Amino acid sequence: MKTTARNALIVATLFLAAGGLFASHAHADASPARQPAALQADGLFWETFQSGDYAKIQASLEASTAAYLRNPNDAVTAAHVGWLHMWRLSERSRLDRTPASITDDAVLARKYFQKAVDLAPDDARFRGFLASAMLAEAQIDRDAALREQGTVIMQQAVKDWPAFNLFTAGYVASNQPADSDGFKRALDQQWQNLEVCAHTTLDHHGANLDQLSNVMFKASTGSRDARACLNSSIAPHNEEGFLLNMGDMLTKSGDWQTAQKVYALAKRSPDYASWPYRDVLEQRIHDAQANVAAFNAALTPGQKPATPMMLSSSYSCMACHQH
């Protein structure tokens with residue numbers, strides 16, 4: 001697979017993923033008028049997604065797509081179809097061989113997220129995910145006009161819900177060169193996301209990170225931002241996943257000492273002991289200095305990184321969402 005196509009696939013991994021400080025909570029918005037087939041498909045969607053059962057994505061897609069065909073005016077079902085396509089694309093590193101046709105998942109994700117946005121135009125989550133799918137497709141097709149459209153939609157989504165979409169906007173750019181303006185802006189968006197959630201200003205070398213956990217919990221609990229900033233039933237390891245990604249980005253930037261502080265903050269989560277990826281994080285702390293080079297290493301087309309950043313890993317979504 002050519003480098004541009006591989007990078008386009010990396011773009012797509014900002015879906016759900018990881019996570020970080022957000023959770024979809026789509027089922028909480030479900031209308032009472034939704035059809036039984038849609039509700040049944042929802043059950044399979046969450047069972048598949050939260051168990052991290054990548055092998056069952058196609059079965060869940062069949063159920064959700066069939067429900068969509070029964071009622072194409074259900075925004076939640078349309079979004080579920082979009083999310084399944086993006087999950088399959090995002091965690092493609094689970095596959096022994098990545099088929100070129102997996103790029104079609106970006107096209108289909110865009111279609112279904114567009115439908116969800118059309119049906120629920122006030123939902124800033126759907127617009128953020130639509131923008132991510134557009135950016136992925138634009139990179140695959142080398143389409144500058146589509147990239148600009150996606151950028152504009154993402155910028156508006158960030159304005160409409162900063163706590164949710166600052167992460168979404170920044171996660172995608174963690175594959176850019178560490179010295180690029182895009183990467184630097186994306187890393188700054190991770191700091192902004194923490195500051196929005198905690199209602200405080202943070203030192204960007206980690207001097208006042210010790211107080212963050214309690215401050216963020218007090219600031220976010222009971223607000224709309226709680227679902228974007230804290231752990232929940234939908235994203236049981238939202239905080240841990242966010243901090244894993246942010247630590248990876250800091251490491252790539254060369255600031256591995258601050259990265260170690262950010263990684264270590266995840267251990268303060270009350271859910272850390274049950275997090276499936278705690279071994280990954282603890283290895284990151286140990287290897288932070290060495291990973292500066294690992295995360296910046298140039299890859300040949302089709303090559304998988306020996307130590308992938310969260311964005312290009314097999315847990316780019318599951319780091320936040322897997323039980």
Side-chain angles (χ1 to χ4, degrees), residues 10 13-23 47-57 87-88 90-96 98 167 170-171 174-175 187 190 193-194 206 209-210 212-213 216-217 229-297 299 303-323:
I10 293 174
T13 59
L14 66 88
F15 149 74
L16 290 180
L21 293 185
F22 69 98
E47 177 187 343
T48 303
F49 187 61
Q50 293 193 303
S51 65
D53 197 345
Y54 187 87
K56 290 186 178 178
I57 288 177
W87 177 25
R88 183 160 62 188
S90 299
E91 295 190 355
R92 70 205 173 277
S93 64
R94 294 173 181 246
L95 301 172
D96 293 334
T98 304
F167 171 81
Y171 189 32
S174 66
N175 69 313
L187 181 54
Q190 307 313 293
N193 206 153
L194 288 178
L209 281 177
D210 286 346
L212 180 64
S213 296
M216 188 163 66
F217 184 80
C229 299
L230 305 176
N231 289 351
S232 69
S233 60
I234 299 304
H237 301 290
N238 204 26
E239 299 166 43
E240 297 97 304
F242 177 90
L243 294 167
L244 175 58
N245 171 69
M246 185 171 176
D248 282 0
M249 293 180 71
L250 283 162
T251 299
K252 184 174 180 176
S253 78
D255 190 0
W256 60 270
Q257 298 96 331
T258 303
Q260 287 179 319
K261 297 176 185 177
V262 170
Y263 286 139
L265 196 62
K267 294 184 177 184
R268 300 191 180 190
S269 165
D271 305 303
Y272 181 76
S274 63
W275 187 34
Y277 301 99
R278 60 188 181 277
D279 290 347
V280 173
L281 181 129
E282 289 170 16
Q283 192 66 44
R284 289 285 211 274
I285 294 173
H286 182 270
D287 296 341
Q289 187 173 10
N291 281 342
V292 175
F295 290 167
N296 284 283
L299 300 175
Q303 180 186 4
K304 292 183 179 181
T307 304
M309 293 178 66
M310 181 171 149
L311 181 68
S312 54
S313 72
S314 62
Y315 44 86
S316 61
C317 303
M318 292 300 103
C320 293
H321 290 278
Q322 186 173 339
H323 281 293

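Side chains are part of it too, since the values below use all heavy atoms of this structure and drop only hydrogens, waters and symmetry mates. Note that the coordinates shown come from a computational prediction; the quantities given were computed from them, not determined experimentally.
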Of all residues at least two apart in sequence or in a different chain, which pass the side chain to side chain donor-acceptor pair (under 3.5 Å) check with Asp53? none
Sequence neighbours left out, what passes side-chain contact (heavy atoms from CB on, under 4.5 Å) with His323? Give chain and number order. Gln50, Pro236
Determine whether His237 and Leu244 satisfy the following criterion, side-chain contact (heavy atoms from CB on, under 4.5 Å), listing intermediate values before the conclusion. CA-CA 11 Å; His237 301 290; Leu244 175 58; over 6 Å; no
For Ala294, the side-chain contact (heavy atoms from CB on, under 4.5 Å) test, sequence neighbours excluded, returns Asn291, Thr307
Results of side-chain contact (heavy atoms from CB on, under 4.5 Å) for Tyr54 - residues two or more places apart only: Ile57, Trp87, Arg88, Glu91, Arg92, Arg94, Leu95, Ile102
Residue list, salt bridge (charged side-chain N to carboxylate O under 4.0 Å, His left out) with Asp210, at least two apart or on another chain: Arg268
Quick check on side chain to side chain contact (heavy atoms under 4.5 Å, CB included): which of Leu212, Leu265, Asn231 does Glu239 satisfy it with? Asn231
Spacing of Lys304 atom NZ and Ser312 atom OG [to the nearest 0.5 Å]: 10.5 Å
From Phe242 atom CZ to Asn193 atom CG, the distance as rounded to the nearest 0.5 Å: 4.5 Å
Among Gln322, Met310, Glu240, which residue satisfies the side chain to side chain contact (heavy atoms under 4.5 Å, CB included) criterion with Tyr277? Gln322
Distance (rounded to the nearest 0.5 Å) between Tyr263 OH and Leu243 CG: 10.5 Å
Separation between CG (Asn238) and NE2 (His321), nearest 0.5 Å, reads 6.5 Å
Is it the case that atom NZ in Lys56 sees more than 12 heavy atoms from other parts of the structure closer than 6.0 Å? no
For residues 269-284, pull every pair meeting salt bridge (charged side-chain N to carboxylate O under 4.0 Å, His left out), keeping only residues two or more places apart or in separate chains. Asp248-Arg284
According to the salt bridge (charged side-chain N to carboxylate O under 4.0 Å, His left out) rule, which pairs have a member within residues 252-264, sequence neighbours left out? none
Considering non-hydrogen atoms only, spot the tightest contact between Thr258 and Gly206 and give its length. CG2-N, 4.0 Å
Sidechain-backbone polar pair: Ser174 side chain, Tyr171 backbone, donor-acceptor under 3.5 Å: yes
Sequence-distant partners of Gln260, side chain to side chain donor-acceptor pair (under 3.5 Å), two or more places apart: none
Euclidean distance, His286 NE2 relative to Leu281 CG, rounded to 0.5 Å: 13.5 Å
Specify the closest pair of heavy atoms between Tyr272 and Ala266, including all atoms of both residues, with the distance to one decimal. CD1-O, 3.4 Å
My understanding is that only residues two or more places apart in sequence, or in another chain, count here; which of them pass side chain to side chain donor-acceptor pair (under 3.5 Å) with Gln283? Asp287
Looking only at atom types and distance, does a side-chain atom of Ser93 sit under 3.5 Å from a main-chain N or O of Ser314, one as donor and one as acceptor? yes
Supply the atom-to-atom distance Asn175 CG to Met249 CE, rounded to the nearest 0.5 angstrom. 9.5 Å
Where Ala288 and Thr251 come nearest, the two heavy atoms and their spacing: O-CG2, 3.4 Å
